[in-house]
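What follows is a short report on a single structure.
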Amino acid sequence: MICLVIFLLGLAYQTLAQGNSPFHGNATQARLVGGSSNATGLLEVLYKGDWMHISSTSASYFTQTEAKVVCNMLGYGNSLTAYAFGPGNGNKLFGSLHSQGLVNIQFNCQGTEPDLTQCRGWSNSFSPSAGYQGYDVALSCERTQLRLQDGDTSHSGRVEMFIKGDWHSICDTGFDDSEAQVVCNMLGLHSTGIAKAYRGSHFGQGAGEIVIGSLTCKGNEADIMECNPAFDSSCNHRNDAGVNCDSTPVRLVDGPTNTSGRVEVLHGGTWGTICGDSNFDSKAVQVICRMIGVNNPHAFGYGYAYYGEGQGYIVINQLRCDGTESDISTCRSYEWNPPGSSSSFGCSHTQDAGVNCNGQTLIRLSDGVSEQSGRLEVLHNGHWGTVSSYGFDNHDLAVVCRMLGYEYSANSFYMPNGYYGQGIGEVLVRDLACHGMESDIGLCGGNWWPKTNPGDHNQDVGVNCDGVIPIRLGGDGNATAGVGRVEILHNSQYGTVCSSNFDRLDLVVVCRMLGYNNIPTSAYWYHGPTYAQGLGEITVTNLACNGIEGSIGQCGGQWPATRSCSHDNDVFVNCLGASEKIRLVGGSNNFTGRVEIYHAGQWGTICDNSFDRTDAVVICRIMGFQNPERAVAYTRAHFGAADSHVPMVMTDLQCNGLETTLGQCNPTWQSKYCTHNQDIGVDCCPSCQPSIVG
Ligand SMILES: *[C@@H]1O[C@H](CO)[C@@H](O)[C@H](O)[C@H]1NC(C)=O
Ligand SMILES: *[C@@H]1O[C@H](CO)[C@@H](O)[C@H](O)[C@H]1NC(C)=O
Ligand SMILES: *[C@@H]1O[C@H](CO)[C@@H](O)[C@H](O)[C@H]1NC(C)=O
Ligand SMILES: *[C@@H]1O[C@H](CO)[C@@H](O)[C@H](O)[C@H]1NC(C)=O
Ligand SMILES: *[C@@H]1O[C@H](CO)[C@@H](O)[C@H](O)[C@H]1NC(C)=O
């Protein structure tokens, strides 16, 4: 009831007001003055022939709704922004009016009225007064004009707004990504979806007055003037706000491919680097690689200036991405360093971040004995460097072989300590720590260059994916019978194997490599006589095979042998356990005599130390005599001493009588301390005399 009365009263009042307007005609004449265009400035209305200002001390008296009505009146239509600057702001922006004024009118417009005088709060009984100085109502019927200055691209820079006939920067107070979003939208630069705010005069300092002291946008406003701006200029140009509405320009420098290298960021017109601190991770790498157009889950990166140290300044420190960002500017980080800054956040160019977006380290094998073997080399900075064997293991080997397109098998092995020769240049990784399933060693942990210091090439790792080691038998043996000195191709030459710690398990593997699987119990290894010893390198010592390896390369040991070994210790093998060729010399018949054994191409004798009947039995068995167990042993050159040029082949036979080779009797080879006065002899058929048994 009361409402109805008030409504009817209001209606009568309005009718009265319109019918009796002191304003010009039926429509109020209004204008905006002091602004940089007719569409913005302080509001004046024509009142009884005089231009008058309107002043208001309360924000609720002249709001956006009233501004809309005025803009409509002025013919700017509804579609554009109509923005009322709050009380006290108009004069700061547009100066002072000296006209008379109408004060504190509560217009109570709906926004659809064609004229201010039709708003409910209007009264014709207002009388002009001096008004409240400094509280003139100001509004804008047009979008705020913005521009970006001094950016890295046309889509980034210091934000400047056109007001009062000039361009003015904006203070960075409260200037965040939602404010940047409004700016980018206003500039029509929203296609990338990137709107990154920069504080601290990121894009350099503007000049002149700073008009807007702060903004509080939600992000969806059509104009920064809707963001509750505070108009005060206590701000300093060091705090000028900037935005980037575009992808940050990034480039990769000094990598071996165009998708790898040191990451450089264009910022403030200058290229700078990213600090590759210990938390620089694959998520940041993903973002950077997507920025250069490579979307690869196997991309990887390096801290610590793997691709060399950049020049200039370090732009970003503590980069922390969640991996889904389309631009590093939207990852978390410390405030980006201003262009050319010498401040480095405690980081240095020794930590410059690098990425490899294709996820492919360029590697090769050098100086090997086959296509699938050699010193592991990595292309870096235009040169091939090496990999340290320190911390290298089979997991790493598996990744390397896979990278090279070879199969990692039970025969694959790696060699430490420069086995395939020492490389030159840098040692690019040490303590490589692959799990084994990685597609590239770059995805493995490790101490990557330059953290390989001291890069020592005597640790260069060699790899061999198929396990092939050229091996042969030399030393006047009989290679077709599996007998001879073991020789291994290394450094383009065949070297020998030292017998230190050599045992039957090693023999099994050596013979397997020579093509003899499942060697008989009569197979054995031995030392050759001096004249049959090898020359040159002793390629390995302390072999430690467990018998199941496909290649002695997998057995461990020292490759190559240290100086502690001599060719006296060259390993000879008899893989098939073929019985030795033995003859009897100097006897009165062909079943007695001095025992001579054909050894490494010559006939030699055997020393009588600990020689006994069981040894003689084996000799006679080898010679094919029937009933060898009847053999009689003779010592002290019973059948005459051999000539001095005849070698003494072995001593200390320890046969148990059942052996089929003398090697099985665990003799001491190279009986240097015996003389031919100790040549042994046998009688293989004591009861045969004088008849002949064969
Ligand atoms: C004012 O409005 C009245 C009624 O709408 C109209 O008759 C009159 O012509 C108008 N006067 C002017 C100056 O437009
Ligand atoms: C601004 O208003 C003045 C006076 O009303 C007029 O002469 C001028 O053409 C207007 N300018 C624009 C750009 O509308
Ligand atoms: C890298 O170079 C190749 C050939 O030179 C070119 O096809 C490719 O587009 C380049 N990639 C990038 C990311 O520049
Ligand atoms: C080498 O061994 C093979 C097979 O046992 C044999 O046929 C050949 O005669 C032997 N050669 C020599 C020189 O002993
Ligand atoms: C042993 O010597 C006799 C002649 O003295 C000879 O006929 C025989 O073939 C020889 N046997 C062997 C096994 O050499």
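For ligands, and for the atoms within them, numbers begin at 1 and follow the listed sequence. These figures come from a predicted structure and were not determined experimentally.
Aromatic ring pairs are classed by plane angle as parallel below 30°, tilted from 30° to 60° and perpendicular above 60°; the pair Trp669 and Tyr524 is parallel.
Between Met650 and the options Ile680, Thr668, Leu662, a side-chain contact (heavy atoms from CB on, under 4.5 Å) holds for only Leu662.
His599 and Tyr526 have their aromatic ring centers within a separation under 6.0 angstrom.
Annotation: atom 6 (C) of ligand 4 to nearest protein heavy atom, Asn478 ND2, 4.0 Å. The nearest heavy-atom contact from the protein to atom 12 (C) of ligand 2 is Asn38 ND2, 3.1 Å.
Of all atoms in ligand 4, numbered sequentially from 1 with element shown, those under 4.0 Å from a heavy atom of Ala481 are 2 (O), 5 (O). For ligand 4, the atoms closer than 4.0 angstrom to any heavy atom of Thr480 are 1 (C), 2 (O), 3 (C).
Put simply, atom 1 (C) of ligand 2 has protein non-hydrogen atoms near it, under 4.0 Å away. When distances from atom 14 (O) of ligand 2 to the protein are checked, a heavy atom turns up under 4.0 Å.
Taking any N or O of Lys581, backbone or side chain, none lies under 3.5 Å from an N or O belonging to ligand 4.
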task = Go through the steps to decide whether Cys684 and Cys620 satisfy the test disulfide bond (SG atoms under 2.5 Å apart), and finish with yes or no.
result = CA-CA 5 Å; Cys684 290; Cys620 293; 2.0 Å; yes

ask   = Hey, mind stepping through Ile538 and His567 against side-chain contact (heavy atoms from CB on, under 4.5 Å) and telling me if it holds?
value = CA-CA 7 Å; Ile538 298 168; His567 284 293; 3.5 Å; yes

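Environment of OH in Tyr531: crowded, with over 12 heavy atoms of neighbouring residues, nucleotides or ligands closer than 6.0 Å.
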